[in-house]
Asker: 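Dumping the structure here so I can ask a few things about it.
Computed from a predicted model, the values in this text were never measured in an experiment.
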Amino acid sequence: MNCFDCHLTHQATAPAVAICRRCGVAVCADHMHVGAEPIQRRAGLGPATQPHNVRRITCATCHAAEAGRHPRSHLRKASTHSGRVHE
């Protein structure tokens, strides 16, 4: 499987090394963002945060959207095979 963002930007095809946790797209090492997420489990009357975080991998689009930036700002100049600009 190859990186979806590399395909959209017509870069050299790069093999995917991970899957985005939010949207499920395949991403290469250049387009993935690795973060940490706390683990919460029910304990008594509410959630209890565990002492260790889990790894959370997202694609560039989901990472930008979660950060409050335009979700496709990193791909705006990329065009599709039909010549349209991705927004």
Side-chain angles (χ1 to χ4, degrees):
M1 186 179 304
N2 294 322
C3 176
F4 184 72
D5 283 345
C6 285
H7 171 75
L8 288 180
T9 58
H10 304 291
Q11 295 176 2
T13 304
V17 296
I19 302 295
C20 176
R21 182 157 191 249
R22 297 222 14 123
C23 70
V25 74
V27 290
C28 67
D30 290 338
H31 288 114
M32 74 177 187
H33 295 270
V34 180
E37 184 174 325
I39 300 173
Q40 293 188 343
R41 300 182 193 256
R42 286 207 161 279
L45 298 175
T49 303
Q50 302 298 307
H52 302 288
N53 291 331
V54 295
R55 188 174 31 224
R56 183 174 192 271
I57 297 173
T58 54
C59 66
T61 300
C62 291
H63 179 74
E66 290 174 348
R69 297 188 307 269
H70 189 284
R72 293 243 183 217
S73 62
H74 67 287
L75 296 176
R76 277 204 179 153
K77 295 186 181 183
S79 62
T80 64
H81 296 289
S82 63
R84 291 178 296 152
V85 174
H86 285 51
E87 289 290 335

Asker: Tell me every residue that passes salt bridge (charged side-chain N to carboxylate O under 4.0 Å, His left out) with R56, counting only those two or more places apart in sequence or in another chain.
Answerer: E37, E66
Asker: Which pair of heavy atoms, one from N53 and one from P38, lies closest together, and at what distance?
Answerer: OD1-CA, 3.1 Å
Asker: Identify the two heavy atoms, one from C62 and one from R22, that lie closest to each other, and give their separation to 0.1 Å.
Answerer: SG-CB, 3.7 Å
Asker: In the structure I gave you, are the side-chain heavy atoms of C59 and M32 within less than 4.5 Å of one another anywhere?
Answerer: no
Asker: Using side chain to side chain contact (heavy atoms under 4.5 Å, CB included), reason through T13 and H7 one step at a time and then give a plain yes or no.
Answerer: CA-CA 7 Å; T13 304; H7 171 75; over 6 Å; no
Asker: Applying side-chain contact (heavy atoms from CB on, under 4.5 Å), name anything that partners D30, two or more places apart in sequence or on another chain.
Answerer: C28
Asker: So do I19 and M1 actually touch side chain to side chain, heavy atoms under 4.5 Å?
Answerer: yes
Asker: Contact between R21 and I57 at the side-chain level, heavy atoms closer than 4.5 Å - yes or no?
Answerer: no
